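Before any comments, here is the structure.
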There are 2 protein chains.
Amino acid sequence: MSEIMSFFRSYFARNNLRLTRPRVLILEWITQRRDHFTAEDLVRWAILNRVGISRATIYRTLSLLTKYKLIARRDFSSTHSHYELIFNNKDHEHMICLECDRIYEFQNDEIERLLLREAQRRRFQSHFHNIKIYGLCHDCQNKREVDFSN
Amino acid sequence: MSEIMSFFRSYFARNNLRLTRPRVLILEWITQRRDHFTAEDLVRWAILNRVGISRATIYRTLSLLTKYKLIARRDFSSTHSHYELIFNNKDHEHMICLECDRIYEFQNDEIERLLLREAQRRRFQSHFHNIKIYGLCHDCQNKREVDFSN
DNA sequence: ATAATTGCAAACTGTTTGCACATCC
DNA sequence: GGATGTGCAAACAGTTTGCAATTAT
């Protein structure tokens with residue numbers, strides 16, 4: 001068993017959560033993917049591979065993992081949520097390509113510091129924050145048509 | 001007619017959009033409110049005041065205004081969109097109180113500069129960005145219980 | 001006049017839930 | 001054994017859409 005799976009096992013035990021077959025399979029999928037994904041990505045995988053995990057369980061597991069901070073929910077799109085593994089993955093921000101939907105991560109201590117200071121200035125107690133830059137990634141910068149037709 | 005309404009009028013004419021009764025009423029409501037609002041806020045107002053504007057028209061008008069950059073859509077929540085008037089309202093970021101849902105605005109040139117530089121460093125062409133700080137506003141810092149029950 | 005806009009109701013999408021059955025500790 | 005977790009199907013919330021009727025220019 002991989003290092004990360006045994007971490008999950010003890011983490012689950014410690015929190016009185018059962019490591020059921022669906023949960024193991026979902027965790028394995030997530031850790032192998034190591035990327036941003038949606039609930040529907042998981043559902044698709046479950047159906048295609050006849051894994052025998054229902055949509056309900058997928059959503060419930062994602063909530064659970066989010067609550068226990070094993071994954072994080074990200075609101076990149078207004079129509080559906082994205083998730084990503086947190087384990088060993090330090091805090092970072094995102095650039096989202098409007099063309100290919102790829103997501104790039106970055107981290108900048110100076111910006112973090114300035115943000116905290118900005119919150120303090122207004123006596124706002126920051127719990128978490130996020131920064132998103134939308135635009136075109138290097139690959140997509142030359143192959144785009146603007147559609148203002150609708 | 002207020003300055004802003006005549007601006008809208010010429011803007012609509014210039015873009016071959018019809019300034020219909022529903023659109024006028026919605027624009028008036030938005031400009032008087034001058035705040036962040038949801039589609040449902042608008043629907044509730046329309047129903048309560050028997051304004052005679054359908055939910056469909058509200059959603060369609062919000063899309064239109066967003067497309068023409070008279071309002072901006074903000075993704076504060078994963079379940080529904082917020083909007084805000086753009087007119088005369090310079091670019092800014094948000095702090096969102098997890099307790100009372102109030103939204104505070106801030107602006108920081110230094111952070112903007114650093115963000116742009118960060119994008120350039122990755123040859124990412126930034127079209128727009130947003131920063132959200134979630135936490136407790138000053139008013140709410142002392143009246144909160146943590147609920148970890150579910 | 002006529003092209004754009006509206007209201008209605010039905011459809012759609014992502015997500016949540018109640019309940020009977022199954023499973024993990 | 002008994003609490004916990006699952007699958008199913010139905011419910012839900014926010015939003016979008018087709019179409020016939022209405023309205024702005």
Side-chain angles (χ1 to χ4, degrees), chain A residues 5 8-27 29 36-47 49-68 70-71 73-83 101 148-150, chain B residues 5 8-27 36-47 49-68 70-71 73-83 101 149-150:
Chain A
M5 282 309 290
F8 287 143
R9 195 163 290 280
S10 64
Y11 190 92
F12 269 58
R14 212 179 318 138
N15 289 284
N16 291 317
L17 299 170
R18 294 187 180 168
L19 199 48
T20 59
R21 203 187 73 93
R23 288 177 180 176
V24 170
L25 291 172
I26 289 173
L27 282 169
W29 184 87
H36 302 81
F37 61 92
T38 66
E40 242 16 69
D41 289 336
L42 262 171
V43 170
R44 217 171 301 124
W45 159 75
I47 292 173
N49 298 65
R50 302 212 175 66
V51 179
I53 303 181
S54 70
R55 168 175 270 104
T57 295
I58 286 172
Y59 276 96
R60 280 192 278 235
T61 304
L62 291 177
S63 303
L64 184 85
L65 298 177
T66 302
K67 176 179 160 193
Y68 282 90
L70 295 170
I71 62 178
R73 186 199 309 254
R74 308 286 187 190
D75 294 334
F76 296 139
S77 149
S78 60
T79 59
H80 56 282
S81 296
H82 287 76
Y83 297 87
D101 293 326
F148 208 74
S149 63
N150 205 1
Chain B
M5 282 308 290
F8 287 143
R9 194 165 289 280
S10 65
Y11 191 93
F12 270 60
R14 212 179 318 139
N15 288 284
N16 290 317
L17 299 172
R18 293 185 183 173
L19 199 47
T20 59
R21 203 187 74 94
R23 288 179 181 175
V24 170
L25 291 171
I26 290 174
L27 282 169
H36 302 81
F37 62 92
T38 66
E40 247 8 76
D41 290 336
L42 216 28
V43 171
R44 218 172 300 123
W45 158 75
I47 293 173
N49 298 65
R50 301 210 175 70
V51 178
I53 303 181
S54 71
R55 169 176 269 104
T57 295
I58 287 172
Y59 276 97
R60 279 191 278 232
T61 303
L62 291 176
S63 303
L64 184 85
L65 298 177
T66 303
K67 175 180 161 192
Y68 282 90
L70 294 170
I71 62 178
R73 186 198 309 254
R74 309 285 187 191
D75 293 335
F76 297 140
S77 149
S78 60
T79 59
H80 56 282
S81 296
H82 287 76
Y83 297 87
D101 293 327
S149 62
N150 204 2

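Below, read A as the first sequence line, B as the second, and so on, with proteins coming before strands; counting in each chain starts at 1. Keep in mind that this is a model prediction, so the values were computed, not measured.
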Problem set entry | Check: A:Phe37 and A:Leu62 side chains under 4.5 Å, non-hydrogen atoms | yes
Exercise. Is the backbone of A:Ala46 close enough, under 3.5 Å, to the side chain of A:Asn49 for a donor and an acceptor to pair up by distance?
Worked result: no
For this session: Send over the distance from B:Phe12 CZ to D:dA24 C1', rounded to a whole Å.
Result: 13 Å
For this session: Tell me, please, the opening and closing nucleotides of DNA chain C, 5' to 3', among those with an atom under 4.0 angstrom from a non-hydrogen atom of chain B.
Result: C:dA3 to C:dC8
Exercise. Would the number of heavy atoms belonging to other residues, nucleotides or ligands and lying under 6.0 Å from CZ of B:Arg50 be above 12?
Worked result: no
For this session: Using a 4.5 Å cut-off on heavy atoms from C-beta on, say whether the side chain of B:Thr61 contacts that of B:Ile53.
Result: no
Exercise. Roughly, in whole Å, what's the span from CG in B:Leu65 to C1' in D:dT15?
Worked result: 16 Å
Exercise. Regarding A:Thr57 and A:Ser54, is there a side-chain donor-to-acceptor distance under 3.5 Å anywhere?
Worked result: yes
Problem set entry | For A:Gly52 against A:Arg21, the heavy-atom pair lying closest together | O-NH2, 3.6 Å
For this session: Note down the inter-axis angle between the two ends of the helix from C:dA1-D:dT25 to C:dC25-D:dG1, five pairs each, to the nearest 10°.
Result: 30°
For this session: With the side chain counted from C-beta on, respond yes when A:Phe8 and A:Arg23 share a heavy-atom pair under 4.5 Å apart, and no when they do not.
Result: no
For this session: Indicate the atoms forming the closest heavy-atom contact of A:Trp29 with A:Leu42, along with that distance.
Result: CE3-CD2, 3.4 Å
Exercise. Got a donor-acceptor contact below 3.5 angstrom from the A:Arg9 side chain to the A:Leu19 backbone?
Worked result: no
Exercise. D:dA13 C1' sits how many Å from B:Ile58 CD1, rounded?
Worked result: 16 Å
Exercise. How close do B:Tyr11 and B:Tyr68 get, heavy atom to heavy atom, and via which atoms?
Worked result: OH-O, 2.9 Å
Problem set entry | Strand-adjacent residues in residues 14-23 of chain A, judged by heavy atoms under 4.0 Å from DNA chain C | A:Arg18, A:Leu19, A:Thr20, A:Arg21
For this session: Indicate, with a heavy-atom threshold strictly under 4.0 Å, whether B:Thr38 touches base, sugar-phosphate, or nothing.
Result: nothing
Exercise. What's the CG-C1' distance between A:Leu64 and D:dT6, to the nearest Å?
Worked result: 13 Å
Exercise. Rounded to the nearest 0.5 Å, what separation is found between the OG1 atom of B:Thr66 and the CD1 atom of B:Ile71?
Worked result: 3.5 Å
Exercise. Separation of B:Asp41 atom CG from D:dA13 atom C1', in whole Å?
Worked result: 15 Å
Exercise. What is the distance, rounded to the nearest whole Å, between atom OH of A:Tyr59 and atom C1' of D:dC12?
Worked result: 13 Å
